[in-house]
Amino acid sequence: MAFPINAVYSVFSLIGFVLCMLPLSWHLQAWNIGTCAFMLWTGFGCLNYFINSVIWNGRFDNVAPVWCDISVHYIMALGAAIPACSLCINRRLYHIATSTTVNKTRTDRRREISIDLSLCLGVPILSMVADYIVQGNRFDIYEDYGCNPVVYDTWVALVIYNLPAIVIGLVSAVYCLLSIRAFKHRRAQFNSLLSAHSTQLDSSRYFRLMAIAGVDVAFTVPTASLVLYLNAQPGLLSPWLGWEDTHFGFEQVNVFPAVLWRESGVAATALELTRWFMPFTAVVFFAVFGLTRDARARYMTLFGAVKTKLGSVSSFQSESTCATRGTLPLFVKREKPRQISFDTISSSMFRGHLSDKSTDSNHDLTRPVSQITLNDVGGALAPMRHRVPQ
């Protein structure tokens with residue numbers, strides 16, 4: 001019997017969703033848009049892959065086309081959302097470290113909120129819309145994995161699909177380095193600057209924010225650059241012949257049984273890394289922000305409140321039962337005891353991705369596994385988007 005890797009992933013992706021939601025409430029109180037957006041994008045990314053792994057567990061038919069449309073567009077947005085949230089965090093940390101004014105006007109705060117929302121929501125949505133230009137067909141379905149977007153690999157795809165993650169990551173890295181430099185020069189007045197910007201931001205949380213954003217930058221830029229290089233190799237790119245050619249047979253849905261796509265080592269690795277990246281990010285985030293002293297104190301408070309609530313409900317039910325029993329007298333009719341025989345005893349004892357431009361019908365395996373590309377199996381990991389050599 002094969003190891004149930006899909007069932008294991010379903011469990012961890014659901015755990016990742018819960019871990020992202022646990023510290024969300026107190027980050028909302030601090031009004032840290034970058035951190036909250038990072039948790040929401042990551043958490044719902046885990047939930048998205050969890051639903052896919054459950055629906056298509058042991059099957060590869062197009063059973064939920066509407067859900068697949070939603071799922072693949074969310075996956076496309078994730079490729080830019082996580083780096084954009086890291087950029088938002090690093091940008092905010094830089095402005096805190098270089099701030100020259102203690103009090104900010106309402107106009108300044110509104111401008112900061114607008115910029116943060118533009119980075120955390122506007123950039124991913126814009127990326128999702130732009131990716132439609134190079135989307136080869138509606139989606140592909142992989143058994144045990146679920147829906148996945150397909151990108152037609154041309155030089156336009158390199159610019160629209162692969163390059164943005166690198167650009168965002170580089171800008172975020174610059175902000176991160178500038179924040180470290182500013183901190184070294186203004187270490188003496190650093191705590192007063194933090195308290196002036198937020199009553200819930202101290203030096204410990206500042207460096208945790210810098211750590212989570214720095215880890216994302218360190219992962220995004222090298223990996224995305226490598227994939228861009230691999231995608232640009234001679235012979236791998238198809239010529240860009242226009243909108244009609246790219247979207248020819250767009251409604252086609254390619255399906256792949258697990259026994260086939262798992263035989264392709266590169267494609268299988270790309271698929272698994274793409275979806276496992278989301279629970280991994282959730283665990284890292286929770287390890288940085290969810291295990292602090294303040295977080296543990298909040299968990300104990302929440303546990304105490306739940307325990308008190310459950311105790312009060314149990315007490316209420318017990319009192320209601322006692323009151324019901326004491327309201328009316330019970331009259332029991334006495335019956336003459338009957339003799340128990342062996343017959344009575346015995347009777348009482350023996351009483352439930354690259355896109356193929358073909359016009360084949362849906363639900364068919366229209367492409368051999370040897371033609372699956374990393375762009376076909378790419379997702380939240382923007383890097384996993386290049387063609388497997390023939």
Side-chain angles (χ1 to χ4, degrees), residues 1-17 41-79 82 131 135-151 153 161 227 252-282 353-356 362-388:
M1 181 177 179
F3 185 73
I5 187 172
N6 191 57
V8 174
Y9 176 78
S10 298
V11 173
F12 274 91
S13 58
L14 183 60
I15 292 175
F17 170 72
W41 279 109
T42 304
F44 284 107
C46 290
L47 183 62
N48 177 50
Y49 282 113
F50 166 76
I51 295 174
N52 280 333
S53 67
V54 171
I55 294 178
W56 281 277
N57 182 41
R59 64 190 303 175
F60 53 90
D61 52 330
N62 190 9
V63 66
V66 176
W67 164 255
C68 276
D69 287 330
I70 299 172
S71 177
V72 297
H73 284 90
Y74 189 86
I75 292 173
M76 286 181 169
L78 272 177
I82 303 300
D131 288 343
Q135 186 177 355
N137 57 278
R138 191 173 175 185
F139 52 81
D140 285 350
I141 295 177
Y142 297 83
E143 182 182 357
D144 293 340
Y145 183 92
C147 318
N148 202 62
V150 183
V151 173
D153 203 3
Y161 200 67
V227 172
Q252 175 180 316
V253 175
N254 302 308
V255 296
F256 300 94
V259 68
L260 293 181
W261 68 262
R262 290 190 186 278
E263 290 181 356
S264 177
V266 177
T269 302
L271 281 170
E272 293 296 348
L273 286 178
T274 296
R275 66 173 183 171
W276 276 99
F277 173 73
M278 299 314 301
F280 171 77
T281 304
H353 224 0
L354 290 179
S355 174
D356 284 344
N362 294 356
H363 316 298
D364 293 328
L365 184 60
T366 57
R367 289 186 292 165
V369 178
S370 61
Q371 294 182 5
I372 303 176
T373 70
L374 290 186
N375 269 337
D376 292 331
V377 299
L381 268 182
M384 302 303 171
R385 297 163 180 161
H386 67 274
R387 183 177 296 191
V388 179

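Values in this document were obtained by computation on a predicted structure and should not be read as measured data. These values consider heavy atoms only, across backbone and side chains, with no hydrogens, waters or symmetry-generated copies.
Counting only distance, with no hydrogens or angles, the side chain of S71 and the backbone of W67 share no donor-acceptor pair below 3.5 Å.
Two residues are said to be in side-chain contact when any heavy atoms from C-beta on lie closer than 4.5 Å; V150 and Q252 fail this criterion. Side-chain contact between Y9 and P279 is present, with heavy atoms from C-beta onward closer than 4.5 Å.
Between atom CE of residue M278 and atom CZ of residue F44 there is a gap of 12.0 Å, rounded to the nearest 0.5 Å. Note: F280 CZ to L273 CG = 11.0 Å, rounded to the nearest 0.5 Å. Atom CG of N48 sits about 7.5 Å away from atom CG of L78, to the nearest 0.5 Å. For the atom pair CD1 of I55 and SG of C68, the computed distance is 7.5 Å after rounding to the nearest 0.5 Å. Here the CG atom belonging to N57 is positioned 12.0 Å from the CG atom belonging to N52, to the nearest 0.5 angstrom. Taken from OG1 in T42 to CD1 in I82, the straight-line distance is 3.5 Å, to the nearest 0.5 Å.
Among the candidates E272, R275, E143, the single residue satisfying the side chain to side chain contact (heavy atoms under 4.5 Å, CB included) test with N6 is R275.
The 12-atom threshold is not exceeded at CZ of F12, counting heavy atoms of other residues, nucleotides or ligands nearer than 6.0 Å.
Here the closest non-hydrogen pair linking F139 and N137 is O-ND2, 3.1 Å. Across all their heavy atoms, V255 and F60 have their closest contact at CG1-O, 3.2 Å. Residues S10 and S53 come closest through the heavy atom pair OG-OG, 2.8 Å.
Annotation: Y142 is not in aromatic contact with W56 [ring centroid separation under 6.0 Å not met].
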